[in-house]
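Chain letters run A, B, ... following the sequence lines, proteins first and then strands; every chain starts at 1. For the numbers below, each heavy atom of this structure counts, side chains included, while hydrogens, waters and symmetry mates do not.
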Protein chains: 2
Amino acid sequence: MTQTIRAPEILEIARRDGKVTVDGLAAHFGVTLQTIRRDLTDLAEAGRLERVHGGAILPSGTSNIGYEERRALNADAKAAIAQACAARIPEDISLFLNIGTSTEAVARALLHHRNLLVVTNNLNIANILVANDSCEIIVTGGTLRRADGGLIGTLAAERIRQFKFDLAVVGCSALDADGDMLDYDIQEVGVSRAILDQSRQTFLVADHSKLARSAPARIGSLSEVDALITDTALPENLARKCADWQTDIVVAPGA
Amino acid sequence: MTQTIRAPEILEIARRDGKVTVDGLAAHFGVTLQTIRRDLTDLAEAGRLERVHGGAILPSGTSNIGYEERRALNADAKAAIAQACAARIPEDISLFLNIGTSTEAVARALLHHRNLLVVTNNLNIANILVANDSCEIIVTGGTLRRADGGLIGTLAAERIRQFKFDLAVVGCSALDADGDMLDYDIQEVGVSRAILDQSRQTFLVADHSKLARSAPARIGSLSEVDALITDTALPENLARKCADWQTDIVVAPGA
DNA sequence: GATAAAAAGCGCAAAAACGAACATTTTCGC
DNA sequence: GCGAAAATGTTCGTTTTTGCGCTTTTTATC
């Protein structure tokens, strides 16, 4: 089990996209499939990756089926959105990252940002960002929700109001035609509201599947966020509203 | 092993790209492959890089090396202590698990306990116990300390005083001949005190290496805990004191 | 379940990279 | 300039890695 020179880059790609494919890596490095397989086997033996048919994924201590599936859903789009979002996040700021698979993707894309103060109520995000040495991590307390690694409860919103963030990145369960951000969980709405109130600037990350869905609890309006980062163009009427609200629309097409 | 003029630049490139190649460096500096190989061999011997075929990469565990070593220290003894401790922990109770490698081992031994309400200020423990579905996990908030996954800060002690635990399992940095529990970090003492105050019952887990060590900050006396779980018999005078205090001594010999 | 397709594993030969010994050049103090 | 010491270049035998053809295993589809 000797280290290969490709190991760091494979791991970086894995952390950025959440997964790697044998085909993709072979093309990327210009080597045969067999060589990549050997690399992935070694990396898996060292516990750095988890081997699956066709490639490898990040080792998930949680192994929550529903969550893993949800994370894999639109993984390419989420990674692209996360890249675009990270590119708009400066260094040396305080930043809140909310619960959600999209915000987790943003955390992965922030691994090379420097001097961030990140506050999060998402255990997975804390686990991802420990790899970034120059980043201070503050975890809000709460009850751990296994479904998504979120820390929930009344205490989270309280804790958040003790801070003032330069920037917040939030997700949502759905986004309706009126430009309202919606969530499945009423408890989380309180947290999201607290975040919007305490941030100088706010980005919403949401892939296109959020547009085709609905949810019962209203977080607020797109007019309250500074930018929406997504992967497909918005319907005409919603795009016009955003223009009126001066809400930037960033479209980052999935690979 | 003499310093070469290229060393700082090689390291800079390595840190920027995550890797360096023999070919690339030879072209960059206009020297032969053999010269670069000598440079990389020296750098690897100095521990600054890790040598691989074709080049070199950054050493893998640059940050958490201290923690991993500490965790591996007396691993057998810690596992045995953890087993003995878990055997004395009933199901259906509320439980606090403090920062520390010994308490992490206890968490691993609790993976098959049912209906526990676990409160912890240790991110690693939260990650371990997600695998136990029947266990509710509450995480105290705080700043993440990379050295050991601990969540620290003034908020932790505050948060703890909002609870009342059936049982607390705590560790300590050292245990002196007078039966005093000691810690390296004065901040943690506040947290440990809060835990002792809020628990109906307390177990201290400490392997024998703690007896041979000292630390500056005093948490409290063994007389305040209900049981000490360790891996070797205590010195005669300390054992007598514990008997007077009605502090149970549990010896779980390492494998 | 049965079957086809994709992916993974295995052994071996070729290629690349490695390290050691020795020749050559550069650097520095005098 | 001169000579010693250090650094670099050259050559060659050895080790490691890679790629190829093959069989075995896993996955997907009917």
Margin query: Salt bridge or not between A:R145 and A:E188? Use side-chain N to carboxylate O under 4.0 Å.
Written below: yes
Margin query: Tell me every residue that passes ring pair (Phe, Tyr, Trp, His ring centres under 6.0 Å) with A:F96, counting only those two or more places apart in sequence or in another chain.
Written below: A:F165
Next item on the list: Could you tell me the separation between the CG atom of B:D42 and the P atom of D:dA6, rounded to a whole number of Å?
Entry: 14 Å
Item checked: Integer-rounded Å distance: D:dC20 P and A:I36 CD1 -> 14 Å
Next item on the list: Identify, with sequence neighbours excluded, every residue that meets side chain to side chain donor-acceptor pair (under 3.5 Å) alongside B:S134.
Entry: B:N132
Next item on the list: Quickly work out the A:L40 CG to C:dA7 P distance and round it to whole Å.
Entry: 13 Å
Next item on the list: Check the distance between D:dG9's P and B:L25's CG and give it to me in whole angstrom.
Entry: 14 Å
Checklist line | Closest non-hydrogen atom pair between A:D178 and A:L238, with its separation | finding: C-CD1, 4.3 Å
Notebook entry, point to check: Taking only residues two or more places apart in sequence or in another chain, which ones pass side chain to side chain contact (heavy atoms under 4.5 Å, CB included) with A:R15?
Noted result: A:L11, A:L58, A:L111
Check: Measuring from A:R6:CZ to A:H28:NE2, what's the distance to the nearest 0.5 Å?
Finding: 12.0 Å
Margin query: Any heavy-atom pair between the side chains of A:T143 and B:E136 that's under 4.5 Å?
Written below: yes
Notebook entry, point to check: What one-letter contact string describes nucleotides 10-26 of chain C from 5' to 3', where B marks a base within less than 4.0 Å of any protein heavy atom, S marks contact via sugar-phosphate atoms alone, and - marks no contact?
Noted result: B------SBBB------
Notebook entry, point to check: Distance check: side-chain N/O of A:T32 vs OP1/OP2 of D:dT18, anything under 4.0 Å?
Noted result: no
Note to self: Using the salt bridge (Lys or Arg N to Asp or Glu O under 4.0 Å) criterion, which residues pair with A:D226? Sequence neighbours excluded.
What the structure shows: none
Check: What bend angle does the helix from C:dG1-D:dC30 to C:dC30-D:dG1 show across its length, from five-pair end axes and to the nearest 10 degrees?
Finding: 60°
